[in-house]
Amino acid sequence: MADLVRFEVVDGIGVATLSNPPVNALSAALRAALFGAVKRAEADAAVRALVIAAEGRTFIAGADISEFGKPPASPTLADLVAALDQASKPVVAAIHAAALGGGLEVAMACTARLLGPKASLGLPEVKLGLLPGSGGTQRAPRLMGAAAALKLMVQGDPLPAKAAVEAGLADGIAEGDLPAAARAHAAALADGATPKPVSARDEGLGSREAFEAEAAKLAARAKDEPQIADCIACVRAAFDMPFKDGVAFERAAFLRLLDDPRSKALRHVFFAEREAAKIAGVPAGTKPREVKRAAVLGSGTMGAGIAMCFANAGTPVRVIETDEAASAKGIERIRGTYEASVKRGSLTAEARDARMALIEGAVGLESAAEADLVVEAIFEDLDLKKQVFATLDRVTKPGTVLASNTSYLDIDAMAAVTTRPGDVLGMHFFSPANVMKLLEIVRAKHTSAEALATAAEIGRKLKKVPVVVGVCFGFVGNRMLAQRSRQAERLLLEGASPAQVDAALMGFGFKMGPFAMTDLAGLDIGWRVRKATGGRAPVADALVEAGRLGQKTQKGFYLYPQGARTGVADPDVDALIEKVASAEGVTRRTIDGDEILDRLVLPMVNEGARILEEGIAARPGDIDVVWLNGYNWPAWRGGPMHYADARGLAEVAARLSQFADQTGDESLRPAPLLARLAAEGKGFGSLKAG
Ligand code: 3HC
Ligand code: NAI
């Protein structure tokens, strides 16, 4: 324990310095050590006051999330906070970096809070489906006013040092030696030379009207997110109840949320995203190559967006096209997108100019000669891509990482035409590339650890969430999406309407249904892919053949009268579906919403199981991260694999078998891995250990 908290006495001031890497999370052991330090300071007559300081990249990152769900260990965070609250000697928190969640609650229970210039204070619990559960909802309102405290809690983003002091959450910023300044402050408090700052137990709640006005703005979120409703209720309790009762009220809400499946899902996502960053087979410490200059091939839909990602991150990028006209068009496309952001007010004109200055249009592959990384985003044609990779191999310098943004094609085949297959991989961005956070990094047979580390590092620099996947048709995301699309089509034939299918997924939490999405993107895109790959979607094909390409032709699966953005059901589509179903020999029936949802979601889970079996994804959590960041899967459902685990794999397998029997579609039969785990009463989560 002693090494978690170092205790020393300097000039009559006790100093407890926390060191629990990586982020000083308040694990049971750290709580016990800090509790011990507080008691020691209390008991030692030679100690006049206590300073709590910390080492490392955060002050305290909050409760240890990995301990949630385990039996509580004494002293609890509530015990620790109470000990600080009741200490007879002044306690000063010396906060050099982020104090988050329970970390800020510990600090708020101290007599004073002194910040370093790099400190930040926040209550991010809502992002985990929780609320501050150790007095934070009662203390923050008393320090900074109820309205401001509610805002801090529901946004979940930390306040930088200056703003935290201005808000009343901290007492000052020490520019020099923070521990020394904190000791001096503690001594002055002990001597009575400095008056005791306002206590988090005093009444400083501010205007009730202002708080209620803030709460009213949250009505829509409070309906869908229980933690938001509970934050409001707890802050309201600060007005209506004595402090002690408010803390008890908050505790009950915290424990209820801790057990809510939505919070469990969000906590799963927190760890899955961090685990996805650890690439299997790439030893920790593998040094990524430096990417000083990038090149993007093609400035169409994807190339333009990818080039913007580099410029936004401050990396100079050359956008290479086949001729001057295409190049000029691509640069104009980029300028237009930036211009729209300036008009919306989300980008300054100076930032636009700075970014445009990093983007250079060029013609011919030789222009990639100086690049450290090339991302190819040309037409989806394997022969063409192979030609381009062979040329890139010749014209780029040794060590340049060669990446393809292909949606479906074989990266091994591209690597095979080069003399440096170790440097070849996929970097699969999602549309719009400058917005979507997912980056599938495709590991080919010979891709080196260094090339993977380089792609992951640059991905993070571009503010993407990189997930490493293996080579197969469509990789992880699109391969699973294909299952959902297949079932969506099939459901139309069997009796559902496009609106019913869309409503089922929106009811599940997606922002848009698959047919509304197809109308937005244009039906011709999928149609062209099906023509090229021999795929079938009889309803969608019939719509394309009838000239219904989606919003751009004002009709697709829905009607868009006078360019409306939201479609309305069209009886002509119902008639067309009936006709196609009859031609396909399918008898239509009434299908309820539960079956529609399961038919859409469970086959994706089944495909996820195959993806795991084949080693295309290393962990079930990686698949969840793909769906959360690339396809807007609702975060509070934790991703498809977590959803299946939460539902129970036995039920998932039984439903899939039932669908296979009912439709005769053997691809719906539970995959061997799913069937095995279901039989063993396990979930995909049990695979994590190995
Ligand atoms: N508990 C347990 N582990 C944590 C943790 C926490 N609160 N915060 C971070 N970690 C772990 C991560 O899982 C990761 O582990 P790994 O190296 O094994 O993958 C490691 O610490 C480093 O985390 P990051 O990769 O996220 O490091 P960054 O430097 O990028 O970010 C951070 C640091 C800003 C502190 C970020 O980790 C973060 O936002 N953490 C969560 C903060 C939070 O939500 N706190 C509230 C917790 S709930 C609470 O306090 C309840 C109370 O009110 C009762
Ligand atoms: P696009 O048709 O909009 O743009 C392709 C661009 O490449 C054109 O501007 C073309 O002039 C240029 N080009 C063609 N051959 C070239 C060459 N030899 N050298 C330089 N430039 C060349 O295509 P889009 O949609 O941007 O797709 C590009 C790639 O990204 C494809 O592999 C596609 O599968 C993939 N992708 C597409 C997504 C999408 O939603 N559109 C999503 C993710 C990946």
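Note that ligands are numbered from 1 as they come in the structure, with each ligand's atoms numbered from 1 the same way. The analysis underlying the following values was restricted to heavy atoms, covering all of them including side chains, and did not include hydrogens, waters or symmetry mates.
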Inset, instruction - Could you tell me if any non-hydrogen atom of A98 lies under 4.0 Å from any atom of ligand 1? - result: no
Inset, instruction - Say whether L297, considering both its backbone and side-chain N or O atoms, lies within less than 3.5 Å of an N or O atom on ligand 2. - result: no
Inset, instruction - For the pair F510 and W627, name the ring-plane relationship: parallel under 30°, tilted 30 to 60°, perpendicular over 60°. - result: perpendicular
Legend entry - Non-hydrogen atom of F430 closer than 4.0 Å to ligand 2: no
Legend entry - N-O pairing of K70 and E67 below 4.0 Å: no
Legend entry - Heavy atom of protein inside 4.0 Å of atom 15 (N) of ligand 2, strictly below: yes
Legend entry - Close N or O approach (G102, ligand 1; < 3.5 Å): yes
Inset, instruction - Return a yes/no value: protein heavy atom under 4.0 Å from atom 15 (O) of ligand 1? - result: no
Inset, instruction - Find the distance between CD1 (I623) and CH2 (W633) and round it off to the nearest 0.5 Å. - result: 11.5 Å
Inset, instruction - Would you please classify the geometry between the F430 ring and the H428 ring as parallel, tilted or perpendicular, with 30° and 60° separating the classes? - result: tilted
Legend entry - Non-hydrogen atom of G136 closer than 4.0 Å to ligand 1: no
Inset, instruction - Give the contacting part of L128 toward ligand 1: side chain, backbone, both or neither, where contact means a heavy-atom distance below 4.0 Å. - result: side chain
Inset, instruction - Report yes or no: is the cationic atom of R479 (NZ for Lys, CZ for Arg) closer than 6.0 Å to the six-membered ring centre of F475, at no more than 45° off its axis? - result: no
Inset, instruction - Would you mind reporting whether L26 and D64 have side-chain heavy atoms less than 4.5 Å apart? - result: no
Legend entry - Sub-4.0 Å heavy-atom approach of K329 to ligand 2: no
Legend entry - Check ion pair E105-R139 (N to O, under 4.0 angstrom): no
Legend entry - Within reach of ligand 1, part of E105 (heavy-atom separation under 4.0 Å): side chain
Inset, instruction - Give the atoms of ligand 2, by number and element, whose distance to some non-hydrogen atom of S431 is under 4.0 Å. - result: 40 (O)
Inset, instruction - May I ask you to list the atoms of ligand 1 that are less than 4.0 angstrom from any heavy atom of G62? - result: 50 (O)
Legend entry - D259 and K264 ion-paired at < 4.0 Å: yes
Inset, instruction - Taking only Lys NZ, Arg NE, NH1 and NH2, and the carboxylate oxygens of Asp or Glu, determine whether D157 and K127 approach each other closer than 4.0 Å. - result: yes
Inset, instruction - Evaluate the side-chain proximity of V296 to R318: yes if any heavy-atom separation is below 4.5 Å, no if none is. - result: no
Inset, instruction - State whether any protein heavy atom lies less than 4.0 Å from atom 32 (C) of ligand 1. - result: no
Legend entry - S407: numbered ligand 2 atoms lying under 4.0 Å from its heavy atoms: 33 (C), 34 (O), 35 (C), 36 (N), 37 (C), 43 (C), 44 (C)
Inset, instruction - Run the contact test for E67 against ligand 1 with a 4.0 Å cut-off on heavy atoms, strictly below, and give the result. - result: no
Inset, instruction - Considering the heavy atoms of P22, write down every atom of ligand 1 situated less than 4.0 Å from one of them. - result: 20 (C), 21 (O)
Legend entry - Contact (N/O only, under 3.5 Å) between H428 and ligand 2: no
Legend entry - Residue from I616, L409, V442 passing side-chain contact (heavy atoms from CB on, under 4.5 Å) with V471: V442
Legend entry - For P132, atoms of ligand 1 separated by under 4.0 Å from a heavy atom: 53 (O)
Legend entry - N or O contact, E125 vs ligand 1, cut-off under 3.5 Å: yes
Legend entry - Contact atoms of ligand 1, heavy-atom distance to S134 under 4.0 Å: 54 (C)
Legend entry - Region of K127 that comes within reach of ligand 1 [heavy atoms, distance under 4.0 Å]: neither
Legend entry - Part of I65 within contact of ligand 1 (heavy atoms, under 4.0 Å): both
Inset, instruction - Mind checking whether V388 contacts ligand 2 via backbone (N, CA, C, O), side chain (CB onward), both or neither, at a 4.0 Å heavy-atom cut-off? - result: side chain
Inset, instruction - Mind checking whether A63 contacts ligand 1 via backbone (N, CA, C, O), side chain (CB onward), both or neither, at a 4.0 Å heavy-atom cut-off? - result: both
Legend entry - Nitrogen or oxygen atoms of R274 and ligand 1 under 3.5 Å apart: yes
